[in-house]
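Here is the structure we will look at, set down as structure tokens.
As the structure is a prediction and not an experimental result, all values here were calculated from the model. Order of the sequence lines sets the chain letters (A, B, ...), proteins ahead of strands, with each chain counted from 1.
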Amino acid sequence: MSTLHLRYFARLRERFGRDAEPLGIPAVPYTVADVIALLVARGGIWADELGGPRVFRVAVDQEMAQLDTPVHDGAEVAIFPPVTGG
Amino acid sequence: MSTLHLRYFARLRERFGRDAEPLGIPAVPYTVADVIALLVARGGIWADELGGPRVFRVAVDQEMAQLDTPVHDGAEVAIFPPVTGG
Amino acid sequence: MQREPSIRIVVQAEDFDPGQEEALLHDGDLHIGGSAAFVGRVRADGDDLLALTLEHYPGMTEKSLQALAEQAAERWQLSGVTVIHRIGRLLPGERIVLVLTASAHRQAALTACEFLIDALKTDAPFWKCEERTRGKHWVEAKAGDNNARQRWANHE
Amino acid sequence: MQREPSIRIVVQAEDFDPGQEEALLHDGDLHIGGSAAFVGRVRADGDDLLALTLEHYPGMTEKSLQALAEQAAERWQLSGVTVIHRIGRLLPGERIVLVLTASAHRQAALTACEFLIDALKTDAPFWKCEERTRGKHWVEAKAGDNNARQRWANHE
């Protein structure tokens, strides 16, 4: 097993009722898409927010990531809505 | 006779050695071009600055003017180099 | 001859003084011909806005602003860039953001300032939550901001 | 709903505070989303510049700045415009000019600010005299400034 540090921001933080959580993943090559699939499998609001047409963004180790971006043991994986600053 | 109030600025003020002077003109329709011709007829620096290829600007009553802009009795006619502010 | 561009990135709850920042950015560099600034304020959009709360991603926000500032400084040969973004609860009329760019030439400073505020709005992790008389809700990203950002992409 | 744009034109020997001017322009108008500013400074061009002296045409200068500000306010639907231009003897590093535009929308403020500084440089009667170690001379108008001004002419 490897462990990821998940972080949530803004609307997703409120919807998921948490701002961070550890997530265990198999110790094999793993991507952002695999992490999202794992969360969507929780069903309910997780499937609703991450498994449908709603738009979200992912950052790995504080860099914007794509679905095929690899994640490594200990990575910080943040999931959040499109940004609205400025 | 009509009288114009001539004003000079910046390099032209220094070259002509004055910042203002009254100028008598005939009481007939008169334009900026006629005023310039009258000054060029003084010869010397006047012909040099206003009668050759050197670029200058004219304002009549504090509005930018062209050579065919009419001047009236009592008008303020300013002659100056292209502006360089900001 | 050419100094390294001075880059100052600040994320803070406190207000800032655009005039003091202009003076600080200039700081005796006599080759700066001018600076351009954009100051964003909380607009009383719709007349029932009580407040905005700005959330950010500590660490990533500063890094992404730093990266945008470095990109702008290189692309427009800037002498300096300051970006200050406030977080927390802000009332209508309060300042939210400052983008300040200094350059030997006015066109570079102005264009870089416009690039930075456009890019910040789509690339830097900040989120706005509106408090209105009828409740709170998170602001949705605007297509217009993405279009504004896209204008700059051709040359990146 | 739409207030008249507030226009403030100042020609003075004294320095100004860009932050104070931003606050003054905002002045409780909660519909202003942002303001753009350009601050021009005396650049130490060539390293032997001792000072600049700015001459203007009292009366006409203020009128021409007012006309440019009104034109920009109408064209970009600005909430307010401030133009401050210093005159007299200024040392390298000193502020010369401030153009400040406020609007509901950032793009309007930024574009209008750029228009105004370009237009001011070709249309407002100010003249610069440089003092260098080898003597004084009047600055010649730059073709680049006319080209910058020309960009805006198509829509006037």
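Closest approach of Lys128(C) and Gly85(A) over heavy atoms only: NZ-O, 3.8 Å. Nearest heavy atoms, Asp123(C) versus Val83(A): N-CG2, 4.1 Å.
By the 4.5 Å heavy-atom criterion applied to side chains, Met60(C) and Met64(A) are counted as neighbours. When side chains are defined from C-beta on, Tyr57(C) counts as touching Gln62(A), because their heavy atoms get closer than 4.5 Å. Using a 4.5 Å heavy-atom threshold, the side chains of Phe126(C) and Thr84(A) count as separate. Arg13(A) is listed as a side-chain neighbour of Glu55(C), based on a closest heavy-atom distance under 4.5 Å.
Taking Gly40(C), Gly59(C), Ala67(C), Cys129(C) one by one and counting their heavy-atom pairs under 4.5 Å with chain A, the maximum is reached by Gly59(C).
When the shell of 6.0 Å around CD of Glu14(A) is examined, it contains more than 12 heavy atoms from other residues, nucleotides or ligands. The 12-atom threshold is not exceeded at CD of Glu140(C), counting heavy atoms of other residues, nucleotides or ligands nearer than 6.0 Å.
Contacts of Lys63(C) with chain A are made by side-chain atoms alone, with heavy-atom separations under 4.5 Å and no backbone atom involved. Contact annotation for His56(C): only backbone heavy atoms (N, CA, C, O) come within less than 4.5 Å of a heavy atom of chain A. Proximity to chain A (any heavy atom under 4.5 Å) is restricted, for Trp138(C), to the side chain, taken from C-beta onward.
With values rounded to the nearest 0.5 angstrom, Trp127(C) atom CH2 is found 5.5 Å from Phe9(A) atom CZ.
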